[in-house]
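Presented below is the structure to which this report refers.
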Amino acid sequence: MVNQSSSSSSFFSTLQSRSQSINSLLCVGLDPHRDELPEGSWEAGEEKRCEAAFEFCRRIVDATAPHTVAYKPNAAFFEALGHSHGNTTLRRVIDYIHKLSPDATGGDSIPILLDVKRGDIGSTAQAYADACYEESEGLGVEGVTLSPLMGWDSVQPFVTGKYANKGAFILCKTSNPGSNDLLALPLYQQRTLFEKIANLANEWSAKAQSESPSSDDDTVEPPRLGLVVGATDPDALSKARKAAGSSIWLLAPGVGAQGGDLDAACKAGLNDEGTGMLIPVSRGISRASDPGAEAKKLKEGINEARKSVLEKRGEKRKADGVSSSIAPYQKEFLEFSLKENVLRFGSFVLKSGRTSPYFFNAGLFSSGSALHKLGKAYAASIMASDQLVKDGKVTFDVVFGPAYKGISLGALVCAALYSDFGIDSGFAYNRKEAKDHGEGGILVGASMVDKRVLIVDDVITAGTAIRESYDMLKSTKATPVGVSIALDRAEKRSLDDPLSAVQAVARDLEIPVVSIVALPQLQDFLRESLDYDESVLKLVSEYRSQYGV
């Protein structure tokens, strides 16, 4: 028996691997509704209808295995078969799928996503998780669907502890019209409840990984949670993708029988690689005269839609003959900055009096998951700089965070450099006012005497804070060797001054200033994104033409 749960790969790693190996995003639903069973089998008694239900599922599995990324049996239809044999029939189907040979599946074993939509807390949630996952006493599946409305503690038992390698799709914006009654309710900052849930998929995944590290073979563990977002509402699908980011998988029911448009759904829900989305189909396959041929047709149709979306995105990237200069870590940084509302597009009057089409407020990085990603982005930008890294080694000994914002940023950068790149640098910061007791003074942390120091801050507006830090470090016999910031607006200090504040700091202090992103990368991001229309890019480009360096 091929048992996914005993594998060292997590549910979503297996999903990704399976999708790539068979080039498919199709998920086949197994719903043995009484109307789908042979005439007379339901009335013939529980054992007869359970056997008919098993044969119904077996026929679909045998025909569709080479084309499906995952199977999604709906527990309700099996429970309705009868209290004596309904769940036993479901377990028979699960075991049958797990025992499929590589020849039958097209190579990889096929993960099973049990559609149960559980939602409870405490020992009840744990019991539900055991019932779904346990090999001997439970159903032995690899993933489940859940309702998130009772909060993290209703999801936690399904993706932590002994189930750290499992995965779950949480209901976000479902395909039924009534989902608008609750899930589309407005919250703060013009966001909806379902967008908040989409945010939580990342936040809760990070919490699960922190509580219970996975034994996943992958160097970077994927999120443990995905989102159920109906293909019947492309606008909601697009907003959920934007809120969740590119690494979260979406389960998008509604294509086919419920009227969802495949092309519109793929345009809205696919991530930048053209993956990260499962299209579940049940009746469209089970009611076909040849389920295997229909599954193949659906897979190929999905792939055509994927190809079209990626081609259109490629055309947009090539617009105006501009090639992309944005690195993956920069793109991810911009995506989660937008998700956290740190970066916004609109009309904003700056301190300089200029009206900017975008605004960046690093103070809104205010959750554990956001700060974790922020530190990783800083570290990635530092390690990508040939000015701060020579021959594979960083050019600094200590990271310095100037009070106040720089203190937390410096700590995040130190931790991310160590966790992601094995760089164990010192960390120090200053107080605004000298301490007259204890260790005294204004400097705290690692000694910087005769050490090379990297200064970390969020942005450089006028450069005053960086210059003050530079002078203070020089007075302690430290050697400032560079500055790391999040965003370089890359705009002139005045229309008569050809230099930006960042360029002026680099020139005057004779040290490099490295940013995670600058205005040119923001433009490239907008060119490549289908989430923003041409008017946003036009406004940013015009602003750069007027004020950019």
Side-chain angles (χ1 to χ4, degrees), residues 1-2 4 14-15 18-19 21-42 48-82 85-116 139-145 231 251-258 260 262 278-303:
M1 174 175 170
V2 179
Q4 283 286 358
T14 303
L15 207 65
R18 171 76 180 165
S19 175
S21 68
I22 66 169
N23 189 29
S24 176
L25 296 179
L26 177 66
C27 173
V28 174
L30 299 174
D31 302 344
H33 191 280
R34 66 180 298 169
D35 293 341
E36 299 269 11
L37 304 183
E39 186 176 354
S41 60
W42 194 271
K48 293 287 186 181
R49 62 176 171 260
C50 284
E51 189 61 33
F54 175 77
E55 288 301 319
F56 166 85
C57 294
R58 184 190 61 78
R59 170 176 167 267
I60 294 173
V61 169
D62 286 347
T64 61
H67 310 297
T68 185
V69 177
Y71 284 109
K72 185 177 73 67
N74 190 312
F77 293 108
F78 291 90
E79 292 169 4
L81 293 171
H85 303 291
N87 272 338
T88 302
T89 303
L90 175 55
R91 179 62 194 246
R92 284 182 67 195
V93 171
I94 291 166
D95 287 347
Y96 185 82
I97 295 169
H98 281 155
K99 292 176 182 177
L100 290 174
S101 69
D103 288 339
T105 65
D108 296 334
S109 50
I110 303 174
I112 299 174
L113 174 66
L114 183 62
D115 195 355
V116 286
L139 292 169
V141 298
E142 291 75 50
V144 294
T145 59
L251 181 71
V255 170
Q258 295 184 53
L262 178 60
L278 282 182
I279 311 292
V281 179
S282 301
R283 286 172 285 178
I285 291 174
S286 66
R287 295 180 180 179
S289 58
D290 186 339
E294 185 63 22
K296 182 180 179 182
K297 179 182 175 182
L298 284 164
K299 179 182 78 171
E300 291 173 348
I302 294 168
N303 285 342

>> I'd like to know whether Glu51 forms a salt bridge (Lys or Arg N to Asp or Glu O under 4.0 Å) with Arg92, so could you lay out the CA-CA distance, the side-chain angles of the two residues, the decisive distance to 0.1 Å, and finally the verdict.
In response: CA-CA 10 Å; Glu51 189 61 33; Arg92 284 182 67 195; 3.0 Å; yes

> Would Glu55 and Arg58 satisfy salt bridge (Lys or Arg N to Asp or Glu O under 4.0 Å), going step by step from the backbone distance to the final call?
Replying inline: CA-CA 5 Å; Glu55 288 301 319; Arg58 184 190 61 78; 2.8 Å; yes

>> Before you tell me yes or no, could you show the steps for Val93 and Phe78 under side chain to side chain contact (heavy atoms under 4.5 Å, CB included), namely the whole-Å CA-CA distance, both residues' side-chain angles and the distance that decides it to 0.1 Å?
In response: CA-CA 10 Å; Val93 171; Phe78 291 90; 4.0 Å; yes

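Note on Lys72 versus Asp115: salt bridge recorded, some NZ/NE/NH1/NH2 to OD/OE distance being below 4.0 Å. Remark: Asp95 does not engage Lys99 in a salt bridge, criterion side-chain N to carboxylate O under 4.0 Å.
Note that CD1 of Ile279 and NZ of Lys299 are 14.5 Å apart. Values are rounded to the nearest 0.5 Å. Going from atom OG1 of Thr64 over to atom NE2 of His67 covers 8.0 Å, rounded to the nearest 0.5 Å. Distance check, rounded to the nearest 0.5 Å: OG of Ser24 to CG of Leu278 gives 8.5 Å. Distance check: Leu81 CG to Asn87 CG gives 9.5 Å after rounding to the nearest 0.5 Å. Taken to the nearest 0.5 Å, the CZ atom of Arg49 stands 8.0 Å off from the CZ atom of Arg34. Remark: Leu90 CG to Cys57 SG distance equals 8.5 Å, nearest 0.5 Å.
Residues meeting the salt bridge (Lys or Arg N to Asp or Glu O under 4.0 Å) test with Asp31, sequence neighbours left out: none.
For the pair Ile22 and Asp108, the minimum side-chain heavy-atom distance is 4.5 Å or more.
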